[in-house]
Amino acid sequence: MSSVGKSTNIFWQECSVGKSDREKLLKQKGCVVWITGLSGSGKSTLACTLGRELHNRGKLSYILDGDNLRHGLNKDLGFKAEDRAENIRRVGEVAKLFADAGLICIASLISPYRKDRDSCRALLSDKSFIEVYMNMPLDLCEARDPKGLYKLARAGKIKGFTGIDDPYEPPLNCEIEIQQQDGICPSPCVMAGQVVNYLEEKGFLHA
Ligand SMILES: Nc1ncnc2c1ncn2[C@@H]1O[C@H](COP(=O)(O)OS(=O)(=O)O)[C@@H](OP(=O)(O)O)[C@H]1O
Ligand SMILES: Nc1ncnc2c1ncn2[C@@H]1O[C@H](COP(=O)(O)OP(=O)(O)O)[C@@H](O)[C@H]1O
């Protein structure tokens, strides 16, 4: 019997089919690829390109995209610090479940606060949380501005926009960093290739 948060008198239920059984079935290892970076840095582009590349290789992945989750699971949350923290906490817990199911879970959220990302890392076993930092300059993200949000933020029509009047804390020890080479952003395929190579090298693409 245990007590967790507000729940008391709860019991952990074990089942005979476990994570390693599912991993054998899927011929891969469950993990979380956590993509963090400014709005417009290319998180969703990398997530989708990576998802496609893994699919082509016969590997099962699932994308948890911040924008999409805010249409459902997280629709009660806004962008103040506590809401962002709760957003990341929930997605971290969901990502952990997907990894336990044996999938390569690709989470793409701004996740601007280091403490919140580190709490998600702490939910996973050693090495199965792979933090990918989209290290793109604010100028580039702002020039892209595909949703026109930077323009609105600069005009004061959105308050607390990450990178403008809300902080982004870059990772200190991420597993993968995606950045410009000689002032040019790598193509989506090259970015995804960098992550696939990492997954391959660390043995996640085999049971
Ligand atoms: N104030 C503010 N700051 C940052 N972003 C904002 C804001 N308001 C709306 N949006 C839009 O919401 C998307 C980010 O959602 P996330 O869940 O990833 O954000 S967070 O991790 O909780 O910070 C983000 O999507 P991306 O551009 O794909 O990053 C924006 O489209
Ligand atoms: N590697 C890339 N090269 C060129 N354009 C890119 C690249 N990655 C993303 N983009 C473009 O930048 C914009 C923002 O990308 P997106 O993936 O939506 O960013 P985010 O999810 O971080 O907000 C989109 O218009 C997208 O097509």
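The chain is numbered in sequence order, starting from 1. One-based numbering, in listed order, for ligands and for the atoms of each.
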**OP:** Could you establish whether Ser187 and ligand 2 come within less than 4.0 Å of each other, counting only heavy atoms on the residue side?
**Re:**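 The answer is yes: ligand 2 sits under 4.0 Å from a heavy atom of Ser187.
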Subject >> Leu38 heavy atom under 4.0 Å from ligand 2 >> reply: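 The answer is yes: ligand 2 sits under 4.0 Å from a heavy atom of Leu38.
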Original post:
For Ser111 and Arg84, does a side-chain donor sit closer than 3.5 Å to a side-chain acceptor?
Top reply: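 Short answer, no.
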Is the closest N or O pair between [X] and ligand 2 shorter than 3.5 Å?
| X | answer |
| --- | --- |
| Lys147 | no |
| Gly42 | yes |
| Thr45 | yes |
| Leu46 | no |

**OP:** For the pair Arg90 and Glu93, find out whether any cationic side-chain nitrogen is under 4.0 Å from an anionic carboxylate oxygen.
**Re:** no
Subject >> Numbered atoms of ligand 2 (with element) below 4.0 Å of Ser39, judged on heavy atoms >> reply: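 Numbered from 1, ligand 2 contributes 23 (O).
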Original post:
In ligand 1, which numbered atoms sit nearer than 4.0 Å to a non-hydrogen atom of Thr162?
Top reply: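 Within the 4.0 Å cut-off of Thr162, ligand 1 contributes 3 (N), 4 (C).
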Original post:
If you measure from each non-hydrogen atom of Lys43 to ligand 2, which part falls under 4.0 Å: side chain, backbone, both or neither?
Top reply: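 Near ligand 2, Lys43 shows its backbone as well as its side chain.
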**OP:** Mind checking whether Pro186 contacts ligand 2 via backbone (N, CA, C, O), side chain (CB onward), both or neither, at a 4.0 Å heavy-atom cut-off?
**Re:** backbone
Subject >> Sub-4.0 Å heavy-atom approach of Asp166 to ligand 1 >> reply: no
Original post:
What part of Phe79, side chain from CB on, backbone N/CA/C/O, both or neither, has a heavy atom under 4.0 Å from ligand 1?
Top reply: side chain
Original post:
What do the steps show when you test Lys59 against Glu200 for salt bridge (charged side-chain N to carboxylate O under 4.0 Å, His left out), and what is the final call?
Top reply: CA-CA 11 Å; Lys59 302 297 159 193; Glu200 183 74 70; over 6 Å; no
Original post:
Is the CG atom of Asn173 crowded by more than 12 outside heavy atoms at less than 6.0 Å?
Top reply: no
